[in-house]
Amino acid sequence: ERLAREGVLDSAGAQKRVRITKDGNYSGPNAFKICFPAGFRPNTSYLEQLERWQRMEFPSPYLNARRFELADPKARKRVVAVLHELLSLTMEKRMTSAQLDAFHSEYMLPHKLLLCLIKHHGIFYITNKGARSTVLLKEAYDGSNLIDKCPLLLYNDKFVALSGRREINSCNGKSLS
């Protein structure tokens, strides 16, 4: 339904020809939203490779992963889909590397998970603070502010503001006080 609203599919359900943009985004059923870092300027060959990857179908992240060979490109795209789904299900759209390790064997994530996250720097952002790293879903953030906060996080922000700290609305970055 979302693809039909965005004009990717016509009324009969057939996919229209869509070209990938210079920012790496492609509106298709198997595509992820890409947000490149500010100074990143992809060349044409990189964008063509990214377009092929964005168009590639992949198995559902909800299927049992034991039947897939990790060397298969579709299985690698499935790993990105699993990580995207995991992060999108959390309230803050982020997880520490220790939290991701808890899902490592269950979802058959690759041993070089950090390399996978770095390779897809348009989808995920990795921050290292001290000894632990945190993975954020880029599409959920506008700069350092969470775009759509759940009511529990909004309540927590108001509670912090009542304790004397400054409250920040993550949707527009303005102070609510």
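Computed from a predicted structure; not experimentally measured. Worth knowing before you read on, the calculation uses all heavy atoms, side chains too, and leaves out hydrogens, waters and symmetry mates.
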Exercise. Hey, is the main chain of Glu139 close enough, under 3.5 Å, to the side chain of Lys33 for a donor-acceptor pair?
Worked result: no

Exercise. Is there a side-chain contact between Thr134 and Ile126, using heavy atoms and a 4.5 Å cut-off?
Worked result: no

Exercise. Taking atom NE2 of His84 and atom CG of Leu137, what is their separation to the nearest 0.5 Å?
Worked result: 4.5 Å

Problem set entry | Same apolar cluster: Val80 and Phe36, side chain cutoff 4.5 Å | yes

Problem set entry | Asn30 side chain near Met56 side chain, heavy-atom distance below 4.5 Å | no

Exercise. What's the verdict on side-chain contact (heavy atoms from CB on, under 4.5 Å) for Leu136 and Phe124, showing C-alpha distance, side-chain angles and the deciding distance?
Worked result: CA-CA 6 Å; Leu136 291 92; Phe124 307 108; over 6 Å; no

For this session: Mind telling me whether His121 and Phe40 have parallel, tilted or perpendicular rings, with 30° and 60° as the class edges?
Result: perpendicular

Exercise. Would you find a donor on one side and an acceptor on the other, under 3.5 Å apart, between the side chain of Arg41 and the backbone of Ala38?
Worked result: yes

Exercise. Would you say the side-chain atoms of Lys77 pair up with the backbone N or O of Glu57, donor to acceptor, closer than 3.5 Å?
Worked result: no

Exercise. What distance do Asp148 atom CG and Lys93 atom NZ have between them, rounded to the nearest 0.5 Å?
Worked result: 8.0 Å

For this session: Please examine the side chains of Val135 and Leu83, heavy atoms only from C-beta on, and report whether any two atoms are closer than 4.5 Å.
Result: no

For this session: Report yes if the side chains of Leu109 and His104 come closer than 4.5 Å at any heavy-atom pair, otherwise no.
Result: yes

For this session: Answer yes or no: are there more than 12 heavy-atom neighbours, outside Tyr46 itself, under 6.0 Å from its atom OH?
Result: yes

Problem set entry | Point-to-point distance, once rounded to the nearest 0.5 Å, from CG of Leu153 to CE of Met91 | 5.0 Å

For this session: Mark yes when over 12 heavy atoms from residues, nucleotides or ligands other than Tyr141 sit less than 6.0 Å from its OH; otherwise mark no.
Result: yes

Exercise. Heavy atoms, side chains only, cut-off 4.5 Å: are Ile34 and Gln54 in contact?
Worked result: yes

Exercise. Take atom CZ in Phe159; do more than 12 heavy atoms of anything else shown fall under 6.0 Å from it?
Worked result: no

Exercise. Between atom CG of Leu100 and atom CG of Leu117, what is the distance when rounded to the nearest 0.5 Å?
Worked result: 7.0 Å

Problem set entry | Close side-chain approach of Leu113 to Phe103, heavy-atom, < 4.5 Å | no

For this session: Return the set of residues passing salt bridge (charged side-chain N to carboxylate O under 4.0 Å, His left out) with Glu85 (not counting sequence neighbours), or none when no residue passes.
Result: none

Problem set entry | Pair His120 and Phe32, ring centroids less than 6.0 Å apart | no

Seminar exercise, completed: One should read off an interatomic distance between Leu87 CG and Lys138 NZ, to the nearest 0.5 angstrom, of 13.0 Å

For this session: Indicate, with yes or no, if Leu89 and Tyr107 share a hydrophobic cluster defined by side-chain heavy-atom contacts under 4.5 Å among Ile, Leu, Val, Met, Phe, Trp and Tyr.
Result: no

Exercise. Under 4.0 Å between a Lys/Arg side-chain N and an Asp/Glu carboxylate O for Arg55 and Glu51?
Worked result: yes

Exercise. Can you tell me how far the CZ atom of Phe58 sits from the CG atom of Asp72, to the nearest 0.5 Å?
Worked result: 13.0 Å

For this session: Report yes if the side chains of Cys116 and Val79 come closer than 4.5 Å at any heavy-atom pair, otherwise no.
Result: yes

